[in-house]
Amino acid sequence: MATVEEGPLPYNLWQGESISSSSSSNPSDAVLFGDISLLIGVSCRTLLRRTTIPYTVVLLIIGIALGSLEFGSIYRLGKLGNGIRLWADIDADLLLAVFLPILIFEGAFSMEVHQIKKCMPQMLLLAGPGVLISTVLIGAAVKLVFPYDWNWKTSLLLGAILSATDPVAVVSLLKDLGASKKLSTIIEGESMMNDGAAIVVYQLFYRMVLGKRSGCIALLEYLAEGSLGSVVIGLVFGMASLLLLRFIYNDTLTDFSLALTVSYIAYYTAQEEAEASGILTLVALGMVFAMSKDTHRAGGKQSLDEFWEMIAYIANTLIFILSGVIIAQSIFSIGNLDNTTGRSWGYVFLLYIILQVARTIVVFAFYPALCYFGYGLNWKEAIIIIWSGLRGAVGLALSISIKDASGDPKYLSSETGAMFVFFTGGSVLLTLFINGSTTQLLLSLFGMDALSESEKTMVNYAKHQLLRKAEEFSRICNGSNNPFDWTTVGGYATCITVWPPCTTNHGYLEIDDIMTMRVCFLKATREAYWSTFNEGRITESSISVLMESIDEAIDLATQGLHDWNYISTRLKFPGYYKFFSTSVCPPRLTRWFVLKKLQDSCHICSAFIHVHRISRQLLLDYTGDTGNAAIVVAESEVEELEARKFLENVKNSMPEIIHQTESRQVTFSMLKCLDECLGAMEKDGILTEKVVLHVHDLLQNDLEKLLRSPPSVRIPKPGDVLSIHPLLAKLSPAIQSDLECSANSILKAPGCTLYTKGSNLTSVWLIGNGSVMSRRSPFPIHCHVDSTYHRGSVLGLYEALVGKPYLTDMVTDSVALCVEIKLESIISVLARGNGVEELLWKECTIVVSKLLAPDMFKKFSMQEVRSIVDERSVMNTFSSQEVIETSHHSINFLLSGCLRDQSTEQLIECPAVLPCSILSESIPYSSANGTAESSGSCSYSKYKVVKPARIVRIDMSAA
């Protein structure tokens with residue numbers, strides 16, 4: 001091994017001599033450095049566990065110490081030193097490609113999706129315009145203050161490197177300090193996006209420094225492609241990965257391997273192939289995976305979190321020790337470039353001040369907007385955001401890449417590259433050492449880590465409960481014959497305020513703040529959702545909606561319980577579902593989408609009702625049934641009523657969905673019970689390991705089959721709907737067969753139009769399940785009437801019998817199974833005679849009565865209206881010039897033909913309801929053309945038949 005002479009350190013100490021020394025070193029020495037670093041990391045983590053000293057700051061200092069011993073003294077570190085030199089000479093791009101996919105993906109994956117959505121505008125402000133402003137401020141200060149005669153491009157290049165807060169350093173710090181979720185999300189998210197945006201800006205100025213010219217439009221295109229393109233790449237890889245994960249069941253090892261592999265491939269694709277920002281790609285990828293975290297059951301989710309936490313810990317340990325080594329290397333190398341080393345250090349401290357001033361300007365420039373968006377921001381949190389602007393390994397890697405590319409005096413000299421590494425390393429050292437070690441003190445100074453009054457009450461309650469448990473334990477122990485010393489026992493139970501245990505009265509948790517009470521209830525609900533999900537009562541697609549509803553409700557806890565409000569919006573069919581009900585979309589695909597949406601909605605509602613019952617009882621057990629607890633329980637009960645109404649509507653419209661939902665839940669519960677029984681037999685040692693594995697595989701196959709192919713919903717066929725219809729079932733088998741051959745069943749989402757008013761008649765629609773609403777009545781516009789038609793209604797039949805266009809708009813009011821019968825088939829059936837026409841006229845009277853006299857018939861169900869028409873209606877036909885007299889206790893509908901009111905001489909055309917005293921005066925008799933007003937509530941009216949008429953009279957005296 002080469003020796004180092006005393007005296008001034010030559011510049012080639014970390015280049016030329018390292019080469020000579022490395023010639024006698026073994027590449028495996030790099031493994032030794034990694035092993036020693038991890039051992040140091042384990043020791044530091046253990047020693048610092050109960051202190052407020054940031055773990056990463058200590059690692060950085062240790063790295064500087066190791067680097068100083070190797071590069072700045074005569075005391076070489078042998079094989080460890082060889083490993084240090086091998087790691088210190090690592091390629092900058094390789095350094096980023098190895099560590100960033102793990103650290104950035106883990107940081108984005110561990111963030112709360114709901115918090116990200118709320119804080120996204122704040123993060124984008126700081127990471128977008130904030131980076132540009134910071135780059136300009138730092139670059140201008142370097143150009144105007146520093147004596148290195150750098151041009152504007154070079155100064156702005158250094159500004160771009162130093163403008164971004166490093167996500168690796170920030171995330172590690174916040175996890176150690178335990179900052180609030182809101183603040184952590186803003187700082188973490190901003191640092192990740194900030195760094196990705198800064199790399200794009202860095203690449204832009206790097207190209208300019210190398211003499212590549214571009215116009216303004218080209219620059220904007222480059223910035224857009226580098227930022228937006230990165231996000232698109234991350235989203236594409238994320239969605240493709242989630243799609244692949246749907247085919248993997250109960251295999252956490254494969255889940256971990258896929259996530260890790262995709263993070264590296266996505267980073268490489270964006271950074272190397274697409275020339276975009278790999279960091280932004282990883283942020284987008286991690287957020288997509290974070291959105292699917294709730295779909296992992298308890299064991300898988302815990303394993304996933306532990307896996308990423310472990311590899312992130314390993315990567316953090318290595319990268320911070322390595323950063324310290326690189327900083328030490330740059331410190332001792334710069335001393336040989338600049339004889340006035342003290343002055344260089346002075347500029348490092350000046351640069352640190354510039355960084356803090358620039359970040360302060362950026363934060364307070366956007367302070368009004370930061371206060372407006374998301375959860376808002378106060379001045380204390382703004383100061384924490386400023387103080388959390390740490391620099392770390394990413395900036396160091398970028399500066400190393402500049403040093404490696406330097407050497408051409410025309411663009412970047414070697415001295416400039418070395419100064420970049422020195423200034424960046426100094427900034428990393430000072431921000432981590434000063435800001436990182438004092439952030440906890442700042443949080444304490446502002447009281448941001450203190451317990452609220454409600455939390456203090458909870459602490460006292462928890463201690464009281466522990467005390468009661470200790471009392472119970474002491475009574476059991478006092479009854480035993482084994483001697484023990486209560487003083488000794490109490491010395492290890494310092495968590496209990498009072499010792500030795502004494503008798504206390506039973507008490508409830510008293511929370512005076514109604515918002516805190518609601519938050520407690522919602523958090524209990526969240527845990528109950530998890531338990532229910534693991535029991536199989538909730539599907540993977542449903543648990544995400546339920547968890548999001550809790551997050552939304554916690555944000556609105558000051559206004560009441562609002563988790564059902566969020567859920568109800570997610571239960572509605574989006575507008576694009578109307579596309580599935582068009583002729584363009586295949587019927588099978590339409591059916592699958594509509595049924596899937598309805599099944600998920602039922603699962604969500606069932607789980608909501610079940611879990612709210614559990615949470616209400618849990619709240620009452622801990623807080624009693626008085627005060628704020630009673631208010632929250634009452635709010636929960638109101639929400640449960642709304643959920644029950646939804647399920648009742650589904651049961652009335654599509655009962656097959658409820659049957660399928662219950663069948664799936666029972667099947668899953670039974671299989672899980674069998675799995676637990678098998679586990680019990682294994683624990684008792686009754687079965688051999690081989691037998692257990694064999695039976696367990698069979699059970700897992702059944703569970704996977706249930707996941708892949710859950711019980712299907714049996715949709716009635718057209719023939720089934722026709723055969724159970726009360727009136728159509730009376731038709732001959734031949735006629736039913738003809739109708740069935742021409743019928744086509746279609747499952748419609750809510751809001752889909754069957755036909756519109758005035759359009760040509762093409763089909764008759766039989767409602768098999770669900771409900772349909774008429775949106776535009778045949779009355780004049782000022783007589784607004786909407787009628788709802790349920791299962792068994794035959795729509796368009798009246799128009800087919802009289803040969804008119806559709807009289808009204810018919811739109812589905814819920815998910816509806818509609819059987820379409822072509823007009824040609826109806827005409828063919830009418831031609832057969834045998835009383836078919838009379839049956840059809842009677843059937844169409846049901847729809848006409850609800851359409852023309854909605855106020856009279858809306859209180860009756862469809863079955864009751866059918867009974868009234870069957871039992872109390874009389875249908876007659878009249879020839880021209882006949883005179884008709886109506887009765888005051890009956891309703892008369894003009895189905896065909898034309899009449900003239902002899903008292904007013906007004907012409908009445910079909911369809912129309914003739915006036916009588918039992919009709920509301922607000923609903924006049926009227927025809928489809930709207931030609932008549934009310935003639936008063938007369939006992940009898942006389943009409944003269946102008947054209948042959950068909951009139952049905954319904955006796956409503958007993959209704």
Side-chain angles (χ1 to χ4, degrees), residues 107-108 110-131 133-134 165 167 170-171 173-175 177-194 197 283 287 290 356 358-390 435 439-440 442-455 511-523 526 547-563 565-566 569:
S110 62
M111 295 173 68
E112 296 289 341
V113 176
H114 177 74
Q115 301 273 350
I116 294 174
K117 292 178 181 178
K118 285 285 188 180
C119 301
M120 184 62 71
Q122 296 163 307
M123 294 186 291
L124 290 177
L125 277 175
L126 294 174
V131 168
I133 295 174
S134 181
T165 57
V170 172
V171 171
L173 175 69
L174 293 176
K175 286 184 178 179
L177 298 182
S180 68
K181 279 288 184 181
K182 179 189 79 172
L183 194 59
S184 297
T185 300
I186 295 177
I187 296 175
E188 289 180 31
E190 180 251 340
S191 66
M192 292 177 188
M193 297 180 184
N194 191 327
V283 172
M287 289 182 179
Q356 304 309 311
R359 184 157 178 84
T360 302
I361 293 174
V362 169
V363 171
F364 279 102
F366 294 111
Y367 183 72
L370 296 175
C371 295
Y372 176 78
F373 291 111
Y375 294 107
L377 201 73
N378 57 43
W379 67 270
K380 294 180 180 179
E381 293 168 335
I383 292 177
I384 296 297
I385 291 177
I386 293 171
W387 203 244
S388 300
L390 310 182
N435 298 43
T439 302
Q440 179 66 60
L442 204 59
L443 289 171
S444 300
L445 182 64
F446 290 154
M448 300 176 67
D449 59 350
L451 296 176
S452 64
E453 291 301 321
S454 297
E455 289 172 332
I511 301 178
D512 297 329
D513 185 7
I514 184 65
M515 187 197 76
T516 305
M517 183 69 76
R518 292 190 183 111
V519 171
C520 291
F521 176 84
L522 291 169
K523 289 184 176 180
R526 173 187 285 152
M547 290 301 181
E548 289 172 12
S549 72
I550 296 297
D551 293 329
E552 291 287 343
I554 290 177
D555 290 342
L556 301 173
T558 56
Q559 306 172 19
L561 283 183
H562 289 284
D563 49 337
N565 289 348
Y566 177 82
T569 60

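All heavy atoms count here, side chains included; hydrogens, waters and symmetry mates do not.
- A salt bridge links Arg359 and Glu190; the closest N-O separation between the charged side-chain nitrogens and carboxylate oxygens is under 4.0 Å.
- Between Leu370 and Glu381, every side-chain heavy-atom pair lies at or beyond the 4.5 Å cut-off.
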The test is side-chain contact (heavy atoms from CB on, under 4.5 Å); show your working for Met193 and Leu124 and say whether it passes.
CA-CA 7 Å; Met193 297 180 184; Leu124 290 177; 3.9 Å; yes
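- Judged by distance alone, with hydrogens and angles left aside, the side-chain atoms of Tyr367 form a donor-acceptor pair with the main-chain N or O of Trp379 at under 3.5 Å.
- Residues that satisfy the side chain to side chain contact (heavy atoms under 4.5 Å, CB included) test with His114, not counting sequence neighbours, are Lys118, Tyr375, Asp551, Glu552, Asp555.
- A distance of 12.0 Å separates SG of Cys119 from CG of Leu125, quoted to the nearest 0.5 Å.
- Scanning all heavy atoms of the two residues, the minimum distance from Ile186 to Ile385 falls at CG2-CD1, 3.9 Å.
- Between Phe366 and Pro129 the shortest heavy-atom distance is CZ-CB, 3.5 Å.
- Here the side chain of Gln115 pairs no donor or acceptor atom with the backbone of Glu112 at under 3.5 angstrom.
- Of the inter-residue distances, the one linking Arg526 atom CZ with Asp563 atom CG reads 11.0 Å to the nearest 0.5 angstrom.
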With side-chain contact (heavy atoms from CB on, under 4.5 Å) as the criterion, how do Phe446 and Ile384 come out once you've worked through the C-alpha distance, each side chain's angles and the decisive distance to 0.1 Å?
CA-CA 10 Å; Phe446 290 154; Ile384 296 297; 4.2 Å; yes
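- Considering only heavy atoms from C-beta on, Ile116 comes within 4.5 Å of Met120 through its side chain.
- Exactly one of Ile361, Thr360, Val362 qualifies for a side-chain contact (heavy atoms from CB on, under 4.5 Å) with Ile386. That residue is Thr360.
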Please step through side-chain contact (heavy atoms from CB on, under 4.5 Å) for the pair Val283 and Met287, ending with a clear verdict.
CA-CA 6 Å; Val283 172; Met287 289 182 179; 3.6 Å; yes
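- In this structure, the side chains of Val131 and Leu126 stay at 4.5 Å or more apart for every pair of heavy atoms.
- Separation of atoms CG (Leu445) and OG1 (Thr439) is listed at 12.5 Å; rounding is to 0.5 Å.
- To the nearest 0.5 Å, atom CD of residue Gln122 and atom OG1 of residue Thr185 are 10.0 Å apart.
- Between the Asn435 side chain and the Trp387 main chain, a donor and an acceptor come within less than 3.5 Å of each other.
- Put simply, the side chain of Ser134 never gets that close to the backbone of Gly130: no donor and acceptor are under 3.5 Å apart.
- Contact detail for Pro121 and Phe373: the closest heavy-atom pair is CB-CG, 3.6 Å.
- With rounding to the nearest 0.5 angstrom, the CD1 atom of Ile514 is 13.0 Å from the CD atom of Gln559.
- The closest side-chain heavy-atom distance from His562 to Arg518 is not below 4.5 Å.
- In Phe364, the CZ atom is crowded: over 12 heavy atoms of neighbouring residues, nucleotides or ligands sit closer than 6.0 Å.
- Considering CG of Leu561 and CG of Leu522, their distance stands at 5.5 Å, rounded to 0.5 Å.
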